[in-house]
**Student:** 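Please read through the structure below; I'll follow up with questions.
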2 protein chains.
Amino acid sequence: MGNSEAATVQSVDRALTILEVLARLGTAGVTEIAAELDVHKSTAFRLVSTLETHRLVEQAGDRGRYSLGVGLLRLAGATTARLDLVQEARPITRQLAADTGETVNITVRAEHAALYLDQVAGSSALQSHNWVGQHIPLHATSNGKVLLSELTPEELADVIGSLARFTPATITRKAQLREELERIREQGYALAVDELEVGLTAVAAPIRNAHGDIIASISVSGPTFRLSDERLDTVIEQCLAAAEEISHRLGWGLRQ
Amino acid sequence: MGNSEAATVQSVDRALTILEVLARLGTAGVTEIAAELDVHKSTAFRLVSTLETHRLVEQAGDRGRYSLGVGLLRLAGATTARLDLVQEARPITRQLAADTGETVNITVRAEHAALYLDQVAGSSALQSHNWVGQHIPLHATSNGKVLLSELTPEELADVIGSLARFTPATITRKAQLREELERIREQGYALAVDELEVGLTAVAAPIRNAHGDIIASISVSGPTFRLSDERLDTVIEQCLAAAEEISHRLGWGLRQ
DNA sequence: CCTCACTGTTGCCCATGGCGCAACACTAGG
DNA sequence: CCTAGTGTTGCGCCATGGGCAACAGTGAGG
C-alpha cells in the first residue's frame, strides 16, 4: 500500500480529514469544517455527526463547536498500552532468548484468542516464522492458559467456546481445562507439551501490572526433544524470573 | 445530537467500526474485518486502505494483517496535552479567580488564533458568556500577545496576517505589534486595554513547559473601570504567580 | 515439484447512499 | 422586533461506494 491514490473511499477520507482539522484548530464549527473540506455544510454536518456517534468528536463548550473526543483516547490507549509493554519487556525477552536459545514470545488476550505482541528467536530456534500480530488458541497454548488462569468462572465461560482439538494431547474438555488452570495458579506457570503441535513444548509465566492483574504472558518454546525433563526445570525458572522482572517494570509489587 | 440514528454516513460509520474492531482484536485481516462488518471483502479492503492512508491503521508484522496506527496516537496526543493542562491548572485558575474576583481564562495557540481552553468566573464577573472552545484574535488580546511574544520573526510572519481593528485602541500595524511583543518579553506579561472591546482590560502571563517554551497563557480580565492603575499592579503580580505555579506543575524549572 | 485452499488486491459496472440544495430552527446583536 | 449567521433536517439526483469476479500471492501438504 505504497500508493496513496489507490482504493480510498472519499467520504471516509473526508471524515478523517475532519479529525486532522480539529487536531490543528482545537475546535471548529460545521461551517468552518465545510470550508476546510470544500464541501457543502450539510455534508460536513453529516460527517461530523457520524464521528460524534463514535465519540471521536464531541461538542466543545457551546453547542455547535466541535473538538476531538474521548473515543480517540480510548482507541489510542489500547495501542499505547501494548507498545509500552513490548518496549519495557524487550531487553528481558532478548536476554531470555539468549539464555535459553529458544524462541520467546509475549502475548496478550484479545477477546477469545491470545495475540502475539513480540517474538525473539534464540540461537537454537529452528522455526523462522514470525507470529507477531497473529492470534493463537487460548486453551491449547501455554501462553493462552496463563492468560485464562485467573479469570473468574463467569469470565472463563464467556471467553471459552468449544475447545478445538489440534493434536491428541490437546485439552478438549472444560473440566480438564479447569483442573489445568487450577494447577497453573498453584505452580505459577503453564506448560504445554504437544497440545498445539506435536513436537512443540512451551512454558509460559504471567506478566502482571501494578494492581497484580495478569495483563500478558511470556513464553519460551522449542521442540519437545530439546525441552526434556532435566532441562525444563531450568527453563521454567528462567521464564518465571523474566516474567517477574517485566512485572516489576510495569509497577507490580510496588504498592504492597 | 442525542439521537444516534440521525445524519450518519454509512461508509464512515463502517470505517470507524473497523477502528473499534482493531482495538478489540489487536490485529485482523481484511477477510476477518469484512466478516465483522458483514460487507464484501473488497469493501473492507477499501475502507482499511483509506484508514491506512491517514495512518490510523497500519500493517502489523506480516503483510495483510492490520492494527491501529500511530496517526491515532498523534490525534489523541493533541487532545490529552490540552486536557492535562486544564486539569493541572484548574485549582490555580480557581484560586486566581477567587483572589481577583475577575474572570480567568487559559488559552493556547491554534494556528492563527488563540483558543480558550478553560474559564473560571470570579465573584465580580459581570459577563456570563462561556468562551471555552472559541477562538480569539492573537494580536488584540493579552493572551494572544503572550502566545506571540516568543515566536521567531519568521514564525510571527507566518502566523500573523492582517491586523484587524476591533476598537480605536487595537494594534493594527506590524511594527507596533513587534514593539509591544518586545515589551512583553521584557516585563514578562501582557496588558490589553480596550483593544478587543472598549471597556475591557486584561492581563496575561505565559505558561511554560519543562523546556521553557510558552505553551499557553493565563489571563485575568474585567471591566477597565475596575482594573485601574492602582489595582492593576496587584492583579499583574497575582497573574504572574499563577502562571509560574502552573508552569512548575508542568515541569518548568526542574531541569535548570 | 505441483495443487489446493485461503488470503489480499484490482477492475468494472450499477444501484444505492452520499451529496448539494433549500428550507427550517436557533441565537446573538442592534 | 429584524437581520445575519450558524447549526440541523428533508428531498431527490447522480456520483461514488459496493459487490462481483478475476487475479496475485502464500503456505501447507502430497
Side-chain angles (χ1 to χ4, degrees), chain A residues 1-18 27-53 57-67 127-131 133-135 166-167 196-200, chain B residues 1-18 27-53 57-67 127-131 133-135 166 196-199:
Chain A
M1 271 311 303
N3 187 3
S4 59
E5 298 289 343
T8 60
V9 180
Q10 188 179 57
S11 53
V12 174
D13 187 66
R14 283 174 174 161
L16 301 181
T17 300
I18 290 173
T27 70
V30 168
T31 305
E32 225 170 320
I33 289 167
E36 289 275 338
L37 295 185
D38 198 26
V39 297
H40 191 269
K41 61 179 180 172
S42 69
T43 297
F45 178 75
R46 270 192 296 264
L47 294 171
V48 165
S49 215
T50 309
L51 289 166
E52 193 176 12
T53 297
V57 161
E58 60 200 19
Q59 302 208 29
D62 291 351
R63 190 184 121 264
R65 293 199 69 79
Y66 296 90
S67 64
Q127 63 171 165
S128 59
H129 185 64
N130 186 3
W131 293 97
Q134 305 220 36
H135 292 98
F166 300 96
T167 72
L196 183 66
E197 273 177 64
V198 175
L200 179 68
Chain B
M1 268 312 300
N3 186 1
S4 60
E5 298 290 344
T8 60
V9 180
Q10 187 179 60
S11 53
V12 174
D13 187 64
R14 285 175 173 161
L16 301 181
T17 300
I18 290 172
T27 70
V30 168
T31 305
E32 228 171 319
I33 289 168
E36 290 274 339
L37 295 186
D38 199 25
V39 296
H40 191 269
K41 62 180 181 171
S42 69
T43 299
F45 178 74
R46 270 192 297 262
L47 294 171
V48 165
S49 215
T50 310
L51 290 166
E52 193 175 11
T53 297
V57 161
E58 62 201 18
Q59 302 210 26
D62 290 353
R63 192 185 122 265
R65 293 197 70 80
Y66 296 90
S67 66
Q127 63 172 165
S128 59
H129 186 64
N130 186 4
W131 292 98
Q134 304 219 38
H135 292 98
F166 300 95
L196 183 65
E197 273 178 63
V198 174

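Convention: sequence-line order gives letters A, B, ...; per-chain numbering from 1.
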**Student:** For A:R14 and C:dC19, is the shortest distance between a side-chain N/O and OP1 or OP2 below 4.0 Å?
**Tutor:**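 It does, given that an N or O in the side chain of A:R14 lies less than 4.0 Å from OP1 or OP2 of C:dC19.
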**Student:** If you check every side-chain atom of B:F45, which of D:dG19, C:dT10, C:dC21 has the closest atom?
**Tutor:** C:dT10
**Student:** Can you confirm whether A:H40 sits close enough to A:R46 that some side-chain heavy atom of one is under 4.5 Å from a side-chain heavy atom of the other?
**Tutor:** no
**Student:** Check whether any side-chain N or O of A:T8 sits under 3.5 Å from a backbone N or O of B:T50 as a donor-acceptor pair, and report yes or no.
**Tutor:** no
**Student:** Can you measure A:Q134 atom CD to C:dT7 atom C1' for me and round it to whole angstrom units?
**Tutor:**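 That distance rounds to 12 Å.
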**Student:** Of all the choices, D:dG18, C:dG18, C:dT7, which nucleotide is nearest to the side chain of B:K41 once you look at every atom?
**Tutor:**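 Among the listed nucleotides, the one closest to the side chain of B:K41 is C:dT7.
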**Student:** Calculate the interatomic distance between B:E197 atom CD and C:dA28 atom P; express it in whole Å.
**Tutor:**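 Value for this atom pair: 15 Å.
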**Student:** Picking from C:dT9, C:dG18, D:dG18, which would you name as closest to the side chain of B:V30?
**Tutor:**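 My answer, after comparing the listed nucleotides, is C:dT9.
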**Student:** Choosing from C:dG20, D:dG17, D:dG19, which nucleotide comes nearest the side chain of A:H40?
**Tutor:**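 Nearest listed nucleotide: C:dG20.
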**Student:** Which listed nucleotide (D:dC20, D:dT6, C:dT7) is nearest to the side chain of B:T31?
**Tutor:**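 Nearest to the side chain of B:T31 among the choices is C:dT7.
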**Student:** Atom CD1 of A:I33 to atom C1' of C:dC19: distance rounded to whole Å?
**Tutor:** 17 Å
**Student:** Measuring only between side-chain heavy atoms, which start at C-beta, is A:L47 closer than 4.5 Å to A:T17?
**Tutor:**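 A side-chain contact under 4.5 Å is absent here.
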**Student:** Under 4.0 Å between any heavy atoms, over every strand shown, what does B:S11 touch: base, sugar-phosphate, or nothing? Just pick one.
**Tutor:** sugar-phosphate
**Student:** Nearest-Å distance, CG (B:D38) to P (D:dG18)?
**Tutor:** 13 Å
**Student:** Quick check for you: among C:dT7, C:dT10, D:dT8, whose closest atom lies nearest to any side-chain atom of A:Y66?
**Tutor:**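 The answer is D:dT8.
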**Student:** For the pair made of CD1 in B:I18 and P in D:dG17, what is the distance, rounded to whole Å?
**Tutor:** 14 Å
**Student:** Figure out the CG/P separation between A:L37 and C:dG20, and round it to whole Å.
**Tutor:** 10 Å
**Student:** I'd like to know if B:S42 reaches the base of D:dG18 with its side chain, counting only an N/O donor and acceptor under 3.5 Å.
**Tutor:** no
**Student:** Let me know the distance between CD of A:E52 and C1' of D:dT8, rounded to the nearest Å.
**Tutor:**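 From A:E52 CD to D:dT8 C1': 12 Å.
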**Student:** Closer to the 5' end of DNA chain C via nearest nucleotide, is it B:E32 or B:V12?
**Tutor:**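 Closer to the 5' end of DNA chain C: B:E32.
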**Student:** Within this structure, what is the CG-to-P distance between A:D13 and C:dC19, rounded to whole angstrom?
**Tutor:**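 A:D13 atom CG is separated from C:dC19 atom P by 11 Å.
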**Student:** Should the side chain of B:R46 and the base of D:dG18 be counted as holding a donor-acceptor pair, with the cut-off at 3.5 Å?
**Tutor:** yes
**Student:** Is there a side-chain contact between B:L51 and B:Y66 in this structure, where contact means two heavy atoms from C-beta onward sitting under 4.5 Å apart?
**Tutor:** no
**Student:** Quick one: on DNA chain D, does A:V9 or A:G29 contact a more 5' nucleotide (nearest heavy atom)?
**Tutor:** A:G29
**Student:** Apply side chain to side chain donor-acceptor pair (under 3.5 Å) to the pair B:S11 and A:S11, showing each step before the final yes or no.
**Tutor:** CA-CA 7 Å; B:S11 53; A:S11 53; 2.7 Å; yes
